[in-house]
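Before any comments, here is the structure.
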Amino acid sequence: MSVGQPLTRIDGVRKVTGTAPYAYEHSVDRPTYLYPIVSAIARGRIRRIDASAAQAQPGVLLVMTHANAPRLWLRTDPELVLLQSTDIRFKGEFIGAVVAETPEAARHAASLVAVEYEPLPHDAGFRADHPGLYAPRKVNSGKPADSLRGDPEAGFAQARFTLDQVYTTPFEHHNPLEPHAVIALWHAGRSLWPTRKRLTLYDANQGPLAVSLIVGPLLGLLPSQIEVISPFVGGSFGSKAIPHPHIVLTAMAAKLLRGRAVKCALTRQQMFVGTGHRPASHQHIRLGADAVGRFVAIEHHAVAPTARHKEFAEQTATPVRMMYATPNLRTTHRLVPLDLPAGMFMRAPGEFTGMFALETAIDELAAQMGIDPIALRLANEPDRDPETGHPFSTRQLVRCLTEGARLFGWDRRSAQPGEHRDGEWRIGLGVASALYPNQHVLNTRAGIRYVDGRYRVELQASDIGTGALTILGQIGADALGVRFDQVDVVLGRSGLPWAMIAGGSMGTYTWGNSIVQAAARFRAKHGDAPREGARATAAGRLPKDFKSRSRHAFGAHFAQVRVSAVTGEVHVARLFGMYAAGRIINPLTARSQFIGGMTMGLGAALHEESVIDPRFGHVVNADLAGYHIASHADVPDIQAEWIDEFDPYFGPTGAKGIGEIGIVGVPAAIGNAIFNATGKRLRGLPFTPDKLLE
Ligand code: MOS
């Protein structure tokens with residue numbers, strides 16, 4: 001059996017020796033280099049662009065603006081509609097590009113392009129009482145924006161204990177290791193034949209399919225006429241799930257420079273504009289509990305900003321619909337339209353945001369009632385999904401909390417805040433629950449081929465650094481009944497079987513499902529001694545009644561913090577995650593996913609915040625000097641464990657998703673530990689020293 005073995009990554013050596021090419025590093029003939037021209041104002045129109053100085057620079061091949069850019073065809077995604085008019089929708093928007101023989105020449109020439117604007121008043125200031133507030137029809141996960149169960153007001157009227165608080169989270173940016181980059185090559189010739197390759201994109205994405213499906217119609221190409229190549233991707237966190245404007249900009253330039261490859265690598269600063277972000281949030285939570293702590297009513301109201309030109313609503317107030325039992329519940333999502341770049345998915349969109357508020361509120365209520373915060377959660381464990389009434393496929397939250405507490409040493413926590421001290425340091429422990437749902441899954445396919453005496457598992461998705469290349473080989477080997485070293489995995493290329501992107505923590509169970517079916521078909525067709533060239537493809541298959549189960553992964557996060565009474569610094573001394581997340585295919589790569597998520601959660605708790613200056617509409621700390629993420633010194637002791645689980649309702653591998661649950665609830669656990677250490681309750685991320693010294 002390969003599944004369950006802690007195998008090292010098959011791409012590990014290539015990654016650490018720098019020989020696994022990222023998008024920008026593919027070798028192409030006679031490359032050219034693109035540098036974007038960006039708007040200096042947040043809203044208005046372009047009156048005039050003078051490109052003459054840029055054109056006159058040596059090595060400049062093209063200055064592209066709205067005046068000479070190719071026309072775009074099907075304009076379904078407003079974020080990708082570039083250079084089609086003189087309108088400006090946010091500061092830093094691409095309004096043109098220079099392509100030159102060297103990156104330096106392109107960048108210098110771009111700085112020489114003179115743009116005359118006709119500014120219009122803009123609004124980039126997020127506030128929850130904004131007059132433009134509106135209700136989206138649906139949130140990102142597809143659920144309705146509002147929900148109502150029972151009669152919350154009647155519930156609160158009976159409550160023995162109540163809590164009514166506001167929690168906030170800031171704008172955050174993804175900042176993967178590999179900045180967004182693309183190489184575009186528009187092939188010579190004008191063949192309209194549907195499978196004739198017209199455009200090649202070496203790209204950084206979570207799956208080639210989304211790129212060809214979205215970019216194709218914009219450029220007047222069939223998806224089958226676009227070749228997308230992304231064998232290795234250096235992280236994403238959601239920012240590479242769907243194509244961003246730099247891909248369209250580069251492809252348009254490549255169309256004008258037919259036959260020459262155009263390379264574009266965004267700078268770290270540019271990634272704070274056009275590659276997505278997690279919108280800020282303002283969350284109002286009300287909890288009502290009876291004398292023994294059972295919730296009698298809950299309200300969760302989430303307000304967030306959205307780009308005026310493209311709506312995005314995190315599903316912030318949806319976790320509360322199924323986490324705990326309560327007869328009375330009201331949730332709402334509202335959006336404030338602003339002149340900002342479009343927000344999008346960032347690791348556990350909504351679950352991350354909403355569970356910070358909910359799990360902090362529960363800790364507050366427990367403190368008010370004088371009971372243990374784990375006991376309060378256990379008192380509200382539902383026996384079915386309170387939202388749908390369906391039984392849970394598997395739900396081991398109680399064991400995560402209780403087993404996790406034992407392994408973490410929760411009994412050493414003092415119920416009284418501020419009791420544990422070490423010189424200037426106040427020491428405290430905190431806990432929070434975690435969940436991650438099974439997303440609605442589109443059909444996804446995989447193929448098995450027998451080539452050069454080896455088995456090849458093929459599908460289109462990309463490995464964004466998770467270990468997918470390795471674990472899909474493990475799943476394939478077991479399904480084929482062969483050894484792991486007889487199997488190769490090929491991902492990250494169009495032309496392979498259509499597959500889901502690496503997103504929504506869906507990869508392992510959806511791709512794994514289709515690999516299991518493809519292997520079964522392969523063996524049925526070709527037996528266990530196949531001939532060269534034998535192949536089979538198949539789509540995934542789920543149990544018939546899978547929709548009659550509520551499907552989620554669960555976990556519990558525990559934190560120990562040390563807070564300086566002098567400086568207000570918070571050190572997270574220990575961070576521990578206990579998960580029930582289905583079958584673990586590879587303990588080594590799974591642990592990396594969990595502790596990676598927890599590390600990101602720690603960074604969100606203590607550091608991450610994109611500060612927008614509403615006067616100009618841009619992020620002022622748009623680089624890694626000003627935007628802080630957790631680094632090694634921040635995480636002295638971080639551990640993950642799990643409970644063995646097999647959930648057939650996610651698919652035949654029994655696995656659930658683990659890419660995102662590690663971040664969910666971590667900031668709440670840390671904030672709750674800060675309260676336990678100091679008696680001070682922080683309700684806004686990040687927990688910077690100034691907030692503790694206030
Ligand atoms: Mo993601 S945030 O699962 O693309």
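Treat the numbers as computed from the prediction; the structure is a model and nothing was measured. When a ligand or atom number is given, it counts from 1 through the structure's own listing order.
In this structure, F90 has its ring center closer than 6.0 angstrom to the ring center of H309.
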Can T306 and E311 be said to form a side chain to side chain donor-acceptor pair (under 3.5 Å), step by step? CA-CA 6 Å; T306 180; E311 182 179 289; 6.0 Å; no
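Annotation: side chain of L496 is not in contact with side chain of L459 (no heavy-atom distance under 4.5 Å).
A salt bridge is absent between E660 and R347; no separation between the charged side-chain nitrogens and carboxylate oxygens falls under 4.0 Å.
Residues T470 and D11 approach most closely at OG1-OD1, 4.2 Å, considering heavy atoms. Smallest separation of non-hydrogen atoms from K240 and S236: N-OG, 2.9 Å.
Ligand 1 lies under 4.0 Å from heavy atoms of Q206, F237, G238, A241, F345, M346, R347, P349, G503, G504, E660.
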